[in-house]
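None of the values given here were measured: they were computed from a predicted structure. For ligands, and for the atoms within them, numbers begin at 1 and follow the listed sequence.
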Amino acid sequence: MALSDSSYLQLAPDLRMCRLLNGMWQVSGAHGAIDPRAAIPSMRAYHDAGFTTWDLADHYGPAEDFVGAFRRALAADRGEAALGQVQAFTKWVPPPERMTRQIVEENVAISRRRMGMDRLDLLQFHWWEYAHPGYLDALAYLGELRDAGQIRHLALTNFDTEHLDVIVGRGIRIVSNQVQYSLIDRRPEVQMAAFCQAHGIRLLNYGTLCGGLLSERYLGQPEPGRAALTTASLGKYKPMVDAWGGWALFQELLGALKQVADRHRVSIANVAVRAILDRPAVGGVIVGARLGVAEHIADNARVFDLRLTDQDRGEIQAVLERSRDLYQRIGDCGAEYRR
Ligand SMILES: NC(=O)c1ccc[n+]([C@@H]2O[C@H](COP(=O)([O-])OP(=O)(O)OC[C@H]3O[C@@H](n4cnc5c(N)ncnc54)[C@H](OP(=O)(O)O)[C@@H]3O)[C@@H](O)[C@H]2O)c1
């Protein structure tokens, strides 16, 4: 492995992950075309650089099939034992309907088959409608499948603190909750992070680079119009920037991040990721990878050597203090999916 030991986290006693996960929403087709002939070798490049953990979902286009193809190629070249170094964290995002054991088992079986895994490493569960109690049934059945060896660990995505509390109160063991968390969107700091810390649950975070907006590419640039938001990520996070404080304040944040980055000879993206990795309860940050189209392997590897100082944090905080409170405007984690 090319990354140091501190780049990894023991998410559970039997599950070690890289703290910077490779996000696969970017292969879904909503971020430009992806060619499988380039994507699978690109996955090998990430893996060989030490980025061994993948975040994906049942509905990210061919993502689960890519993991299957990647694992087959790796096993053919290096033997089955090499698969022990790969972690694939998928999601199940069912419609909010009645959940039976059969429905749950059939859907888990689809992911296991597509990825070629007898046992899923981590199954992150999403639920669209809290008013429909089916999520508690689904989680109970998922727990049974975990105990039967089909899933190593159960996790959630986009659950708010209130419903995470309900789930934990039912005695359902959850190792992580995946939420949006960035210097722009700091809603997890209001109550989610403290709850997770108190219950030994880790946050896995997305949107930390705002689809690439938090990078040199946008420093000193005029506000991008709709046509310039060419990936689904950019389309998702630009409105967050608008709600947070707008383009002029965002430029001030980029300026502050650039100053910090220059002091450490790293990139704006490195500082934006490190700032979130250092926050309480955070297990990892997921960075989207447009496999075979654009890669930032060498740059993102620098995150692990970066140590932010009080001065760095102070300069960033001075800008954040002038932003709006997204918790007040949107609600707790995941509220944007349930309006
Ligand atoms: N649970 C959920 O509801 C949910 C929602 C959204 C995302 N996610 C997960 O989170 C992952 C991350 O996706 P995201 O949409 O949040 O995007 P993101 O990670 O904020 O942004 C990804 C983009 O950032 C740019 N980038 C990466 N490293 C960089 C670097 N070192 N310097 C400059 N630019 C860099 C790349 O742009 P270019 O490709 O243009 O170079 C990349 O496509 C997804 O793949 C998915 O796994 C989950």
Self-check item: Separation of Asn22 CG from Ile297 CD1 (nearest 0.5 Å)
Solution: 8.0 Å
Self-check item: Rounded distance [0.5 Å steps], CG in Asp278 versus CZ in Arg307
Solution: 8.0 Å
Quiz item: In ligand 1, which numbered atoms sit nearer than 4.0 Å to a non-hydrogen atom of Ile286?
Solution: 10 (O), 11 (C), 12 (C), 19 (O), 47 (O)
Quiz item: Under the 6.0 Å and 45° cation-pi test, does Arg338 pair with Phe159?
Solution: yes
Self-check item: Residue and atom name of the nearest protein heavy atom (relative to atom 36 (C) of ligand 1), distance in Å to one decimal
Solution: His296 NE2, 3.6 Å
Quiz item: Of all the non-hydrogen atoms in the protein, which one sits nearest to atom 48 (C) of ligand 1, and at what distance?
Solution: Gln178 OE1, 3.0 Å
Exercise. Please determine if Lys91 has a nitrogen or oxygen closer than 3.5 Å to a nitrogen or oxygen of ligand 1.
Key: no
Self-check item: Lys/Arg-Asp/Glu bridge criterion (N-O < 4.0 Å) met for Asp77, Arg44
Solution: yes
Practice problem: Decide, yes or no, whether a salt bridge links Arg322 with Glu252 under the criterion of side-chain N to carboxylate O below 4.0 Å. | Solution: yes
Quiz item: Taking non-hydrogen atoms only, is Thr157 closer than 4.0 angstrom to ligand 1 via side chain, backbone, both or neither?
Solution: side chain
Quiz item: If you count the atoms of ligand 1 from 1 in the order shown, which ones are under 4.0 Å from a heavy atom of Gly23?
Solution: 11 (C), 44 (C), 45 (O), 47 (O)
Exercise. Classify the ring geometry between His31 and Trp25 as parallel (under 30°), tilted (30 to 60°) or perpendicular (over 60°).
Key: perpendicular
Exercise. Starting from atom 6 (C) of ligand 1, find the nearest protein heavy-atom neighbour and note its residue, name and distance.
Key: Tyr206 CD1, 3.4 Å
Self-check item: Options Ala269, Gly288, Ser233, Gly211, ranked by nearest heavy atom to atom 12 (C) of ligand 1, top entry
Solution: Gly288
Practice problem: To the nearest 0.5 Å, tell me how far Ile286 CD1 sits from Tyr206 OH. | Solution: 9.0 Å
Quiz item: Which heavy atom of the protein is the closest neighbour of atom 39 (O) of ligand 1, given with residue, atom name and distance?
Solution: Arg290 NE, 2.7 Å
Quiz prompt | Salt-bridge contact Arg113-Asp65 (side-chain N to carboxylate O under 4.0 Å) | solution = no
Exercise. Around atom 47 (O) of ligand 1, find the nearest protein heavy atom and jot down its residue, atom name and distance.
Key: Asp55 OD2, 2.6 Å
Quiz item: Applying a 4.0 Å heavy-atom criterion (strictly less than), which segment of Met24 is in contact with ligand 1: side chain, backbone, both, or neither?
Solution: backbone
Quiz item: Do Glu336 and Arg329 meet the salt-bridge criterion of a basic N to acidic O distance under 4.0 Å?
Solution: no
Practice problem: Check each atom of ligand 1 against the heavy atoms of Cys210 and keep those under 4.0 Å away; list them by number with element. | Solution: 20 (O)
Quiz item: With a 4.0 Å cut-off on heavy atoms, is Ser267 touching ligand 1?
Solution: no
Practice problem: Do me a favour and list the nearest non-hydrogen protein atom to atom 28 (N) of ligand 1 with residue, atom name and distance? | Solution: Asn300 ND2, 3.3 Å
Practice problem: Flag Leu56 as yes when one of its N or O atoms lies below 3.5 Å from any N or O atom of ligand 1, and as no otherwise. | Solution: no
Quiz item: Ala289 to ligand 1: N or O pair under 3.5 Å?
Solution: no
Exercise. Output yes when the distance from some N or O of ligand 1 to some N or O of His31 is under 3.5 Å, and no in every other case.
Key: no
Quiz item: Should Arg16 and Asp121 count as an ion pair when the cut-off is N to O under 4.0 Å?
Solution: no
Quiz item: Is it true that Arg170 and Asp165 have a side-chain N and a carboxylate O under 4.0 angstrom from each other?
Solution: no
Quiz item: How many angstroms lie between atom CD of Glu216 and atom OG of Ser267, to the nearest 0.5 angstrom?
Solution: 5.5 Å
Quiz item: Counting only heavy atoms, which portion of Asp299 has something under 4.0 Å from ligand 1: side chain, backbone, both, or neither?
Solution: side chain
Quiz item: Taking 4.0 angstrom as the limit, do Arg302 and Asp299 come out as a salt bridge?
Solution: yes
Quiz item: Looking at Gly207, which atoms of ligand 1 are within less than 4.0 Å of one of its heavy atoms?
Solution: 16 (O), 20 (O)
Quiz prompt | salt_bridge(Lys91, Asp58) N-O dist < 4.0 Å | solution = no
Quiz prompt | Per-atom contacts, ligand 1 versus Val287 - under 4.0 Å to a heavy atom | solution = 19 (O), 27 (C), 28 (N)
Exercise. Consider every N or O of Ser215 and every N or O of ligand 1, then say whether any pair is closer than 3.5 Å.
Key: no
Quiz item: How far is atom 13 (O) of ligand 1 from its nearest protein heavy atom, and which residue and atom is that?
Solution: Gln26 NE2, 3.2 Å
Self-check item: Region of Arg217 that comes within reach of ligand 1 [heavy atoms, distance under 4.0 Å]
Solution: side chain
Self-check item: Atom indices of ligand 1 within 4.0 angstrom of Gly212 heavy atoms, with elements
Solution: 21 (O), 23 (C), 24 (O), 25 (C)
Quiz prompt | Ser182, portion touching ligand 1 at heavy-atom distance under 4.0 Å | solution = neither
Quiz item: Of Tyr337, Trp92, Tyr135, which meets ring-ring contact (aromatic ring centres under 6.0 Å, His included) against His126?
Solution: Tyr337
Exercise. Please could you name the atoms of ligand 1 that Ala294 approaches to less than 4.0 Å, counting only its heavy atoms?
Key: 39 (O), 41 (O)
Quiz prompt | Pairing of Asp332 and Arg187 as salt bridge, 4.0 angstrom limit | solution = no
Quiz item: Does any N/O atom on Asn158 come nearer than 3.5 Å to any N/O atom on ligand 1?
Solution: yes
